[in-house]
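The structure appears below as structure tokens.
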Amino acid sequence: MLDFLGDLRRTHMCGALRAAEADKQAVLMGWVNRRRDFGNLLFVDVRDRTGITQIVFDKDSNAAMHAKAGDLRNEYVIAVIGTVKKRDAATINKNIPTGEVELIANDLRILNESKQPPFLPGDKDLPNEEVRLKYRYLDLRRDAMQRNIELRHKIALVIREYLSSQAFFEIETPFMTRSTPEGARDYLVPSRVQPGTFYALPQSPQLFKQILMISGFDRYFQIVRCFRDEDLRADRQPEFTQIDLEMTYPQPERVWEVVEGFLQAAFRSAGHDIRTRFPRMSYDEAIRLYGSDKPEMRLPPMTDVREVFSAADLEKFGVHRVLPLLAIRTPKVGKVSRKEKDENKELFGSHAEFNLLDIERIEKSMPEAADQLKGLAEANPDDLIAIVGAKLDSAVSLAGLCKVAGAYRLRLGDKYHEKHGAFNRTGDPSTDFRFLWVTDFPMFEWDKDEKRWNPAHHPFTSLHEEDMAKLEANIDSVHEADSPLGEIRALAYDVVLNGTELGSGSIRIHRQDIQQKIFKSLGMTEDEARQRFGFFLEALEYGTPPHGGIALGLDRIVMILAEADSLREVIPFPKTARAVDLMVDAPTPVSEAQLKELGIQVKK
RNA sequence: GGGGACGUAGUUCAGUUGGUUAGAACGCUGCCCUGUCACGGCAGAGGCCGCGGGUUCGAGUCCCGUCGUCCCCGCCA
């Protein structure tokens with residue numbers, strides 16, 4: 001029934017034939033994308049990853065083959081030997097690149113059949129995601145997915161080429177390792193050889209890449225899978241791919257140049273020319289102007305209401321008016337209707353161009369922010385007016401308020417900003433990519449649950465030279481909320497694109513004495529530090545050169561360039577929100593025998 | 001862990017204040033058709049209304065629970 005491939009060789013891909021190939025013989029192989037049956041004349045579109053070509057079966061010229069082609073159904077796999085024919089002007093299909101030609105079939109081999117698929121790759125409507133993920137192999141046949149995965153390949157390729165040209169070596173690091181001290185939960189792999197012990201899958205190759213610098217490889221990169229056992233989001237998968245790099249003797253600017261170089265190459269491969277060097281903004285500035293450590297730079301900065309209103313004004317407007325003002329009103333942005341202006345006049349007098357959004361609206365659209373607001377107000381015996389108007393000398397309060405404001409502004413959504421003309425778009429998609437370096441992240445952040453300072457990045461992050469004295473002076477204040485530890489700036493930086501964090505990095509600590517001080521400031525005894533990072537502390541003692549690096553999320557870069565709204569669109573085999581692979585149905589229970597071998601009991 | 005949306009034919013969806021036999025489109029099957037390219041025409045098959053319980057004379061529809069998918073918060077560079 002079915003034919004064998006034999007020694008038949010494909011001559012062209014299905015998207016390749018053009019008028020120049022007219023009258024030549026061609027052998028195409030691919031899937032039946034669609035058939036159009038006119039009785040004695042049958043058209044079949046054959047598809048592969050490059051496109052589709054129309055095949056013609058004509059009963060008059062070859063009755064047996066026409067009959068055989070009548071058995072074809074969607075998604076059958078076929079090989080067609082035929083003659084390329086230039087189409088008559090009237091029958092040219094301008095919608096496809098191969099539309100000027102068709103293949104007149106001389107021979108047909110049916111290489112495989114297909115059951116009726118739950119959906120067809122050529123369907124206009126997408127099935128729901130559950131079905132797509134269960135039949136991922138069919139979903140991946142869709143043109144959009146083929147394009148996304150191709151784009152991903154191209155981006156990874158040019159990044160490899162660029163970094164290689166800059167003297168970086170791609171070096172593999174272990175997947176089965178011990179946990180590196182980033183914040184997230186680890187995926188664990190039980191050891192059979194040593195029952196009761198576990199490997200961890202890496203959240204990042206952090207310590208290995210630092211050790212590669214100690215080992216003299218000078219410049220390292222890896223396009224590498226990382227694992228984090230945390231809840232998923234549209235832009236967060238439990239396994240994801242990072243462009244990870246590390247280099248010796250760098251100032252932050254040296255790292256940034258490398259990143260800008262490969263991002264430029266990557267974006268060019270996707271058809272976008274971006275300009276380097278990216279603008280830079282300190283963390284403090286980002287919080288103050290955008291209320292976020294990943295500013296959406298297409299929006300103008302927020303206005304500090306203190307610059308516009310007097311303390312007396314603020315008192316008059318009432319507590320709940322102030323935050324929205326800070327959040328959304330920026331001079332020259334948006335239009336306030338006459339009606340709104342009239343309403344606003346009563347409240348704001350000469351500042352009627354400021355729009356009014358009240359607390360009810362915040363509560364509706366962003367209840368948690370309203371809670372935070374209340375929290376802020378509660379934290380200070382004076383109300384919010386006092387915080388905003390008069391007592392903004394407390395950095396924590398201002399930052400907190402700015403964050404709420406920034407989050408609220410974003411929550412209004414792109415549509416809102418679009419409608420009010422807030423987006424500062426150029427019309428040219430290439431220049432609408434607003435990259436930004438956010439620099440000088442704080443070294444420590446206050447954990448209000450544990451009532452202690454924790455590393456904001458990770459404990460191997462170097463600090464500003466000028467802040468060393470501050471560290472030494474406050475080395476025993478890990479539990480003091482108002483400790484100046486919070487003012488210490490790290491040599492840590494993020495690269496941000498249109499409000500999305502693409503990557504994060506830092507200059508690392510290369511001196512053992514400084515590393516000890518950091519651990520001490522975190523309340524860790526020498527013994528504890530040795531126990532957790534002994535191998536690394538030891539390595540630091542054998543001539544460690546200054547080094548630093550960064551890691552960028554490849555998936556997110558591809559997602560943005562593919563204009564996708566979920567990572568699942570650019571990852572071939574992603575997991576659902578509950579971290580399940582619907583195609584292979586993982587995770588699953590394992591047999592008692594397997595567990596026994598590992599010395600593991602599962603609670604029932 | 002919390003909040004929200006959704007779940008009806010292979011697929012995408014509709015389904016009225018609870019009321020007789022649950023519909024459409026695409027796909028699928030058969031027949032017709034020699035220039036279509038989302039071909040067209042005729043005929044047909046196809047339903048555990050996610051699952052379990054409850055209210056009711058009567059449940060796709062109301063209530064409770066549960067499972068699954070998506071979005072968000074917490075969490076997470």
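Here is how names work: the chains are called A, B, and so on, in the same order as the sequence lines, proteins then strands, and each is numbered from 1.
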Exercise. With a 4.0 Å cut-off on heavy atoms, is A/Ala492 in touch with a base, just the backbone sugar-phosphate, or nothing at all?
Worked result: nothing
Grab the N/O contacts between the protein and nucleotides 10-13 of chain B below 3.5 Å, and write none if there aren't any.
residue	atom	partner	partner atom	Å
B/rG10	O2'	A/Pro118	O	3.1
B/rU11	O4'	A/Pro118	O	3.0
B/rU12	OP1	A/Asn128	N	2.5
B/rU12	OP1	A/Asn128	ND2	3.2

Seminar exercise, completed: Considering only heavy side-chain atoms of A/Arg233, the closest of B/rC73, B/rU69, B/rC37 is B/rC73
Exercise. Below 4.5 Å, heavy atoms only, C-beta onward: do A/Arg280 and A/Leu436 meet side chain to side chain?
Worked result: no
For this session: May I ask you to say what A/Arg132 touches in the nucleic acid, namely base, sugar-phosphate or nothing, with a heavy-atom cut-off under 4.0 Å?
Result: nothing
For this session: Find the distance A/Leu72:CG to B/rC28:P and express it as a whole number of Å.
Result: 13 Å
For this session: Determine the contact category for A/Thr576: base if any of its heavy atoms lies under 4.0 Å from a base atom, sugar-phosphate if only primed atoms, P, OP1 or OP2 are that close, otherwise nothing.
Result: sugar-phosphate
Exercise. Do any of residues 133-143 of chain A sit with a heavy atom less than 4.0 Å from RNA chain B, and if so which?
Worked result: none
Exercise. Can the ring centroids of A/Phe175 and A/Phe227 be said to lie less than 6.0 angstrom from one another?
Worked result: yes
Exercise. Taking OP1 and OP2 of B/rG35, is either one under 4.0 Å from a side-chain nitrogen or oxygen of A/Arg36?
Worked result: no
Problem set entry | Between B/rC31 and B/rG7 - C1' atom distance, rounded Å | 37 Å
Nucleotides 40-43 of chain B: which of its N/O atoms have a protein N/O under 3.5 Å away?
none

For this session: Please answer whether the main-chain N or O of A/Leu502 pairs with a side-chain N or O of A/Thr500 as donor and acceptor at a distance below 3.5 Å.
Result: no
For this session: For RNA chain B, determine which residues of residues 494-510 of chain A have any heavy atom closer than 4.0 angstrom to one of its atoms, and list them numerically.
Result: A/Glu501, A/Ser504
For this session: Side-chain contact test, heavy atoms from C-beta onward, threshold under 4.5 Å: evaluate it for A/Arg142 versus A/Leu126 and give yes or no.
Result: yes
Problem set entry | Selected nucleotide, minimal atom distance to A/Gln54 side chain, candidates B/rA77, B/rG74, B/rG35 | B/rG35
For this session: Just grab all the side chain to side chain donor-acceptor pair (under 3.5 Å) pairs involving residues 112-130 of chain A, residues at least two apart or on different chains.
Result: A/Glu129-A/Arg568
Exercise. For the residue pair A/Phe168 and A/Phe262, is the inter-centroid distance of their aromatic rings smaller than 6.0 Å?
Worked result: no
Exercise. To the nearest Å, how far apart are A/Leu103 CG and B/rU36 P?
Worked result: 19 Å
Exercise. Between B/rU69 and A/Arg578, is there an OP1 or OP2 to side-chain N/O distance shorter than 4.0 Å?
Worked result: yes
Exercise. Between A/Asn74 and B/rG27, is there a side-chain N or O to OP1/OP2 distance below 4.0 Å?
Worked result: no
Problem set entry | For B/rG30, the Watson-Crick or wobble counterpart (both distances under 3.5 Å) | B/rC42
Exercise. Between B/rU69 and A/Arg568, is there an OP1 or OP2 to side-chain N/O distance shorter than 4.0 Å?
Worked result: no
Exercise. Any donor and acceptor pair, going by atom type alone, linking the side chain of A/Arg132 with main-chain N or O of A/Pro127 inside 3.5 Å?
Worked result: no
Exercise. Distance between the P atoms of B/rG52 and B/rG40, in whole angstroms?
Worked result: 40 Å
Exercise. Going by the ring-ring contact (aromatic ring centres under 6.0 Å, His included) test, which pairs reach into residues 52-92 of chain A, not counting sequence neighbours?
Worked result: none
Exercise. What closest approach, in Å, do A/Pro174 and A/Thr177 show between heavy atoms, and which atom pair accounts for it?
Worked result: O-CG2, 4.2 Å
Seminar exercise, completed: Any strand, both distances under 3.5 Å, Watson-Crick or G-U wobble: B/rU56 pairs with none
Problem set entry | Candidate nucleotides B/rC75, B/rG68, B/rG35, ranked by approach to the side chain of A/Phe38 - the nearest | B/rG35
Seminar exercise, completed: d(A/Ile78 CD1, A/Arg47 CZ) to nearest 0.5 Å is 11.0 Å
Exercise. To the nearest Å, how far apart are A/Ile55 CD1 and B/rC39 P?
Worked result: 15 Å
Seminar exercise, completed: Between A/Asp235 and A/Phe240, whichever has its closest RNA chain B nucleotide further toward 5' is A/Asp235
Exercise. Can A/Asp555 and A/Arg152 be counted as an ion pair, charged N to O under 4.0 angstrom?
Worked result: yes
Exercise. Do side-chain atoms of A/Arg489 reach the backbone of A/His464 as a donor and acceptor pair under 3.5 angstrom?
Worked result: no
Problem set entry | Opposite nucleotide pairing with B/rU69, Watson-Crick or G-U, both atom distances under 3.5 Å | B/rA5
Exercise. When the P atoms of B/rG15 and B/rC73 are considered, how many whole Å apart are they?
Worked result: 31 Å
Exercise. Do the side-chain N or O atoms of A/Arg34 get closer than 4.0 angstrom to the phosphate oxygens (OP1, OP2) of B/rC39?
Worked result: yes
Problem set entry | Integer angstrom distance from the C1' of B/rU11 to that of B/rA38 | 16 Å
Exercise. Do A/Arg228 and B/rC75 have a side chain to base donor-acceptor pair shorter than 3.5 Å?
Worked result: no
For this session: Would you mind reading off the distance between A/Asp231 atom CG and B/rG3 atom P, rounded to a whole angstrom?
Result: 15 Å
For this session: Ignoring the backbone of A/Thr91, work out which of B/rC70, B/rC72, B/rG35 is nearest its side chain.
Result: B/rG35
For this session: Sort out for me which residue in A/Arg36, A/Arg34, A/Arg35 forms a salt bridge (Lys or Arg N to Asp or Glu O under 4.0 Å) with A/Asp45.
Result: A/Arg36
Exercise. On a whole-Å scale, what distance lies between the P atoms belonging to B/rA9 and B/rA14?
Worked result: 12 Å
Problem set entry | N-O pairing of A/Arg254 and A/Glu257 below 4.0 Å | yes
Exercise. Do the ring planes of A/Tyr135 and A/Tyr137 sit parallel (below 30°), tilted (30 to 60°) or perpendicular (above 60°)?
Worked result: perpendicular
Problem set entry | Paired nucleotide for B/rG35 [Watson-Crick or G-U wobble; both distances under 3.5 Å] | none
Exercise. Considering Watson-Crick and G-U wobble pairs with both distances under 3.5 Å, what does B/rA24 pair with?
Worked result: B/rU12
Exercise. If you pin A/Arg73 and A/Asp45 to their nearest nucleotides in RNA chain B, which one's is more 5'?
Worked result: A/Arg73
Seminar exercise, completed: Among B/rC75, B/rC37, B/rG27, the one nearest any side-chain atom of A/Glu230 is B/rC75
Exercise. How far does the P atom of B/rG27 sit from the matching atom of B/rU69, given to the nearest Å?
Worked result: 30 Å
Exercise. Does a salt bridge link A/Lys294 with A/Glu501, judged by any charged N lying under 4.0 Å from a carboxylate O?
Worked result: no
Exercise. What nucleic acid atoms does A/Glu102 come within less than 4.0 Å of, heavy atoms only: base, sugar-phosphate, or nothing?
Worked result: base
For this session: Using a 4.0 Å heavy-atom cut-off across all strands, classify A/Lys124 as base, sugar-phosphate, or nothing.
Result: base
